[in-house]
Amino acid sequence: MSSPRASTASTVQDCWDCMLPGPPSRNNFGSADLSPSGLLAFPSGSSISVLDARSMQLIVTLPMPPPTQASSSTSSLSPFVTSVRWTPLPLRRDLLSTEPSSSHLLLAAGDRQGRIALLDLRLKSPVLWFDSDSSSSKLAIQDLVWVQARPDSYLLASISGLSSLSLYNSSTGRCFWRYDAAPEILSCIRRDPFDSRHFCVIGLKGFLLSVTVLGETEDDVVIKELQIRTDCSELLKLERDLAGGVAGNSSSASAAFPLYAARLAFSPQWRHILFVTFPRELVVFDLQYETPLFSATLPRGCGKFLDVLPDPNHEYLYCAHLDGKLSTWRRKEGEQVHIMCSMEELIPSIGTSVPSPLLLALVISQSDSTLQNVVSKLYSDVPHSPFPDVDFDNPFDFCDEPLLVSKTHLISISDDGKIWDWLLTAEGADDNPKGDTNLDISEVPVPGTNTNILVSSTGGLDMEASKQTGRCRPSKSTVNHTDISLKISLVGQLQLLSSAVTMLAVPSPSSTATLGRGGNYPVVAVPLVALGTQSGTIDVVDVSANAVAASFSVHNGTVRGLRWLGNSRLVSFSYSQVSEKSGGFINRLIVTCVRSGLNRPFRVLQKPERAPIRALRASSSGRYLLILLRDAPVEVWAMTKTPIMLRSLALPFTVLEWTLPTVPRPVQNGPAKQSSSSPKEQTSVASDGTSSPTKLSSDSKSSDGSQDDTSESFAFALANGALGVFEVHGRRIRDFRPKWPSSSFVSSDGLITAMAYRLPHVVMGDRSGNIRWWDVTTGHSSSFNTHREGIRRIKFSPVVPGDRSRGRVAVLFYDNTFSVFDLDSPEPLANSLLQPQFPGTLVLELDWLPLRTDKNDPLLLCIAGADSSFRLVEINIIDKKLGYTHQPRSIKERFRPMPLCCPILLPIPHALALRVILQLGVKPSWFNTSSTTLDKRPHQIPGTPKSSEDLRSYMIDLPPVGDPVVPELLLKVLEPYRKEGCILDDERAKLYAKVVTNGCSVRFAFAAAIFGEPSEALFWLQLPRALNHLMNKLVNKSPQKAPVSASVPELDDASMLSRITSKGKSVSGTEKKDAMNQGQLRLMAFEQEDLWANASERIPWHEKLEGEEAIQNRVHELVSIGNLEAAVSLLLSTPPESNYFSANALRAVALSSAVSKSLLELAVKVVAANMVRTDRSLSGTHLLCAVGRYQEACSQLQDAGCWTDAATLAAAHLKGSDYARVLLRWASHVLRAEHNIWRALILYVAAGALQEALAALREAQQPDTAAMFILACREIHANFISDLGNSDNESSSSIKDKLLHLPGLGPENEDVVAVSEYYGQYQRKLVHLCMDSQPFSE
């Protein structure tokens, strides 16, 4: 998986898998990023958490390494992580030219000190540090975004401090461009989905910076400064208040103004459209017109805006608010006006603490929306057929009642450590009444009369389908947007640590402890760790699953003490001061049952006490509890169902510790070796494992009879340095009468501050850093100095039969560092594992996890960090030496409650193998796992898994390209994952079962969507339309009627004037578009109707705009779509004093001549034609249009960089090869300049340049995609020919002969043969790599 690393480095990295982060907070600036493949990354304190957004399971936590330039005397702490952003690079498939790399799993992270690191999720460590600001003032990183400069690499743009914007090279980390926007305060940065070279930055005062990166040098950066007018009065007041406080230079927008946010988002459907939120205002801004199109102020009572997220597929905006609410805004049909249509709670009031948790971040799932496109494609291809397999469990099934308009997954993050997965559904009624016969609705019987739908953790629908019949979505459904109802349901949740950790408790029950429900069975050590927090909750962590198993709200204030009673009860305390004058304290002691969650308070007093509780000490059996109060007697309690106080001990105790469970009896009973006289060796344990503990237990049995199994003892130290051991038996407490060490053992120079006791040894630490130990049965003792600060905790490591050493202790010092010593070694200090600092954090509490069963098992140390994290450190013993070592892990690293189905995390060869299998088509029964796990799956996919060895039978067909043996080998490689059920979750497996037989292009789109490549998925979905467009052109089929008729009937002056004065709508009746031209598929538009309709829909947005520049742009839009009449009316409205009057007049006359004679005469009357001035280059194209030279006009527009306008003009006026020529040049620009290969491929195909498309794929080193492209084209071509054969047209046979092979993709074509051979080499290399790499679950 990675290259071998140094032992110290591997130490920390190995324990990251077993780390739970603390909760995120506002110090993390509300940062979060959800990758298209479904991996959610967000900062928690100084760490970054990565989780699978579908199953809501934590994958890994990456701590940000601390700064290196700290002085050696003090341990440096990692600063808060403030921004994270996944790299947009896809899974690399150029296996034949490079070694597999995990470039698709790279994450950029910035922190409060201005450092930016590139982290590799596979290596779990930084692979590059960017050269961020080297000045002494560390500027916090406010936001990050990736920008594309070359086809295969991205640059990183960052906002640091209040007003600094920087661009970094991602291969060298060098900063090559910097911009200072002072006095503006920059807040948010986003990349343009239509052009990945372009990004925008918004400031708190409305400053908008548009940046286009054309290369990797300073001269290649083009910027445009714009301003959005907004009310800044509140911000100015905040700035004045801040002026005397924080040094503004080192701060950033979110640090200085945490409750004042400005955010922007690009529209995923409309180019040049930005959505911007200020605290109380939503603005829609047009970058092309450089002006706002719409703004709305929040109504009273609504919390301030926190963020804005556009729906990827539908015209909805989701806005998060500071008060934890979510508002949904819908765009009005035909204009750029948004209306708030719902307000929902993202922090439910039930079950949350008071005060309510804060909403920090909201992200939207891209992967689900891409799969929705696949489903809508599937249903649009079969418009009139009913679906007998209507499946109400599937959130991607569109055949529900009522009609589902959209389903969107949103994930919110709150500061109590909860991650919420919400399913937002929009339901609406059809425009047509149910009795309308024109609507293609099929009544589909659903089995059963009452199908109840459960909420599944992977995201089912929270609804009941109790109707007997279901209704299928019609092929061209028209939804009445006024009747849409929005519903939100919680479908998943992940609980991380809920607050800053203050206490840590590990259960170490003795063999005398019994189960909580009675009986004489001894309790077992459980893999649970309890953590007390600042908020008063107790989080119980399941170490084997690295997850919070339960969270109990126990106290109102900080949990100050926490102990286990056996393995099923917890006792904790908190206290609060009544008032400073009286000085009394209210102590709260509560016993919590882990099984039932019930809290039982005990020792409840009516009046405040003089002294607060100092600590709790519970015996190993959980029967006895010592309560230490400050300057008051120690109380001894029997922890029965109703706790009873046995007695109080009025001695000046400084430290008390119960004995740990005795060491297990060794396997062989050899004679005990005599201890030597050397003090260093007096506590050494014989190598055969038999020592005084065994003798002690047998002696006590003989003298005390049956008392041994119920009596427990504790050791103590007094303020004067005296030591002692008491034994508790029932209600009696007696002196244990140990053998005392020599008088020189008691030191006068240090007060004893820590103690550990396991028969027969007592180990003590004092405030001078000395460690002493004493054998209570022999009186032997020894000591050494650690040369460190005072000692706070000492913990004995767990011992199993056969252990060579029983004297290993973990020592926590007052400087929050720790060390591990082996007291059985001759030189404990020399052989210790000294860990002066845990990188990046301080250690608050530590304890050993008592789960070892074998002497070869590693020692696990539980650590509560000052960064609120919980970690497990693995310590291995090799040749009596302690050390961190990297052990090879088994395949199944961790218990998970449900399989982690995240293909992008598989080893790269195995991920590519799965991609090939999904593309070629595998039978859905393959996803049914073996009988051992089959019962665990709630939804079973049709088909029974085969037990035969012939895996080829799982493929739906022999692969038409490549080596036919390869799929079987790849299936064999994927078998371990299949058996674990962690390839696809049930929801996606059932979706695949629907698409697998619907053609290869839909399968390819599904595979791309699963691996987080939405652009490629859209390409495969659009390919059949593009190819059919081409073939219709080849067979000379006339396309659908032109959107605007070429000839306009003659009109009289009166009607013409009325039309001009009314400035009628440019589009008289906008037809409803089909599903394939909505949402993200607009990115891939190429057909004349689509381009014309998209441009037409934008025109009404700008009708109310005023100003000369706006009029010029509007005229240009109208000419582009062919509406010359409206263009003339707009030009004639120019006042004579305008600078544009002459040019507008000239264009009005020329354009009117192309419309009608009457309009020309009218224009001549209005225009004074004696003023001629030069105008923008666009005016020339308008004159070319007036004389019908559309091809030259398109070329001129393309030369001026107006590529979309040129295509729109061509769509309105050109046909055949002329139109194809415009598309071809556009495709080359999109590929070479914008680096968007998938959009370029669609344009190439639509233009008939299949060979250029194939060449582009080969140049991009995608051998598998090139082969799949040929496969898809041939299948679509075959379907087209067969459809021709079914028609009774006489010329169909001649057309078939003409279209026997696709132009440029015939089987004898050299490029096609080369692609096929190259794909065969790719497959063979992939098989070798798969065989060489071990499967693992993460």
* To do: Decide side-chain hydrogen bond (donor to acceptor under 3.5 Å, both in side chains) for Asp539 and Ser551; before the verdict, give the C-alpha distance in whole Å, the side-chain angles of both, and the deciding distance to 0.1 Å.
  => CA-CA 4 Å; Asp539 294 331; Ser551 188; 2.5 Å; yes
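- Ser49 and Pro21 get closest at one heavy-atom pair: OG-CG, 3.0 Å.
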* Could you walk me through whether Leu362 and Leu306 pass the side-chain contact (heavy atoms from CB on, under 4.5 Å) check? -> CA-CA 9 Å; Leu362 184 71; Leu306 177 68; over 6 Å; no
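- Within the 4.5 Å cutoff, the side chain of Lys332 has heavy atoms near those of the Ile339 side chain.
- Between the CD1 atom in Ile347 and the CG atom in Asp323 there is a gap of 10.0 Å [rounded to 0.5 Å].
- Between Ile488 and Leu346, some side-chain heavy-atom pair lies under the 4.5 Å cut-off.
- In this structure, the separation between OG1 on Thr502 and CG on Leu844 is 8.5 Å, given to the nearest 0.5 Å.
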* side-chain contact (heavy atoms from CB on, under 4.5 Å) assessment of Leu486 paired with Cys341 -> CA-CA 8 Å; Leu486 290 153; Cys341 50; 3.4 Å; yes
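- Trp422 meets the ring-ring contact (aromatic ring centres under 6.0 Å, His included) test with Trp420; sequence neighbours excluded.
- In terms of modelled atom types and a separation under 3.5 Å, the side chain of Ser187 and the main chain of Ala253 share no donor-acceptor contact.
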* Derivation and outcome, side-chain hydrogen bond (donor to acceptor under 3.5 Å, both in side chains), residues Ser160 and Ser158 -> CA-CA 6 Å; Ser160 51; Ser158 82; 4.7 Å; no
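- Note that the CD atom of Gln142 and the CG atom of Leu186 stand 8.5 Å from one another [nearest 0.5 Å].
- Phe42 has its side chain within reach of Ile419: a pair of non-hydrogen atoms, C-beta onward, lies under 4.5 Å apart.
- Scanning all heavy atoms of the two residues, the minimum distance from Ile364 to Leu34 falls at O-CD2, 3.5 Å.
- Not a single donor-acceptor pair under 3.5 Å links the side chain of Ser369 to the backbone N or O of Asn313.
- Donor-acceptor pairing under 3.5 Å is lacking for the side chains of Ser498 and Asp416.
- Inter-residue side-chain proximity for Cys901 and Arg988 is flagged as unmet; no heavy-atom pair is nearer than 4.5 Å.
- A 4.5 Å side-chain heavy-atom check between Pro36 and Thr370 finds every atom pair outside the cut-off.
- Seen from the ring of Phe305, Arg263 does not count as a face-on cation partner, given the 6.0 Å and 45° thresholds.
- Arg85 and Ser31 share no side-chain donor-acceptor pair at under 3.5 Å.
- Rounded to the nearest 0.5 angstrom, Thr592 OG1 and Asn599 CG are separated by 4.0 Å.
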* Let me see the working for Arg280 and Glu234 under salt bridge (Lys or Arg N to Asp or Glu O under 4.0 Å), right down to the final yes or no. => CA-CA 11 Å; Arg280 303 209 63 83; Glu234 184 187 348; over 6 Å; no
* CA sep, side-chain torsions, deciding dist, call: Leu504, Phe870, side-chain contact (heavy atoms from CB on, under 4.5 Å) -> CA-CA 9 Å; Leu504 177 146; Phe870 167 75; 4.0 Å; yes
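- Contact check on Glu344 versus Lys325 returns no salt bridge, with no Lys/Arg side-chain nitrogen under 4.0 Å from an Asp/Glu carboxylate oxygen.
- With hydrogens and angles ignored, the 3.5 Å screen pairs a side-chain donor or acceptor of Trp86 with a backbone N or O of Leu39.
- The two residues Leu204 and Ala261 have their closest heavy-atom pair at CD2-C, 4.2 Å.
- A heavy-atom distance below 4.5 Å is not found between the side chains of Ile141 and Phe29.
- Atom OG of residue Ser367 and atom CD1 of residue Ile904 lie 11.0 Å apart, to the nearest 0.5 angstrom.
- Nearest heavy atoms, Leu490 versus Asp421: CD1-O, 3.4 Å.
- The shortest side-chain heavy-atom distance between Leu360 and Asn28 does not fall under the 4.5 Å cut-off.
- Using modelled atom types, one finds a donor on one side chain and an acceptor on the other under 3.5 Å when comparing Thr533 with Ser535.
- Shortest non-hydrogen contact noted between Leu872 and Cys862 is CD2-SG, 3.5 Å.
- Side-chain contact check for Leu20 versus Thr61: every heavy-atom pair is 4.5 Å or farther apart.
- The OG1 atom of Thr328 lies 9.0 Å from the CE atom of Met340; values are rounded to the nearest 0.5 Å.
- Ser25 places a side-chain N or O within donor-acceptor distance of the main-chain N or O of Asn27, the cut-off being under 3.5 Å.
- Here the side chain of Glu281 pairs no donor or acceptor atom with the backbone of Ser295 at under 3.5 angstrom.
- With hydrogens and angles disregarded, no donor-acceptor distance shorter than 3.5 Å links the side chain of Glu845 to the backbone of Ile863.
- The backbone N or O of Gln269 sits less than 3.5 Å from a side-chain atom of Ser267, completing a donor-acceptor pair.
- In this structure, Arg600 places its CZ atom where only 12 or fewer heavy-atom neighbours from other residues, nucleotides or ligands lie under 6.0 Å away.
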* Lys205/Glu239 under side-chain contact (heavy atoms from CB on, under 4.5 Å): CA gap, chis, key distance, verdict -> CA-CA 12 Å; Lys205 299 174 185 174; Glu239 279 190 295; 3.4 Å; yes
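- Summarising the geometry of Gly561 relative to Met503, their closest heavy-atom pair is N-CG, 3.8 Å, with the distance given to 0.1 Å.
- Of the residues Ile159, Asp143, Val145, Leu208, the one that meets the side-chain contact (heavy atoms from CB on, under 4.5 Å) test with Val201 is Ile159.
- Ser365 and His409 form no side-chain donor-acceptor contact under 3.5 Å, judged by distance and modelled atom types alone.
- In terms of the side-chain hydrogen bond (donor to acceptor under 3.5 Å, both in side chains) criterion, residue partners of Asp542 (sequence neighbours excluded) are, by chain and number, Ser544.
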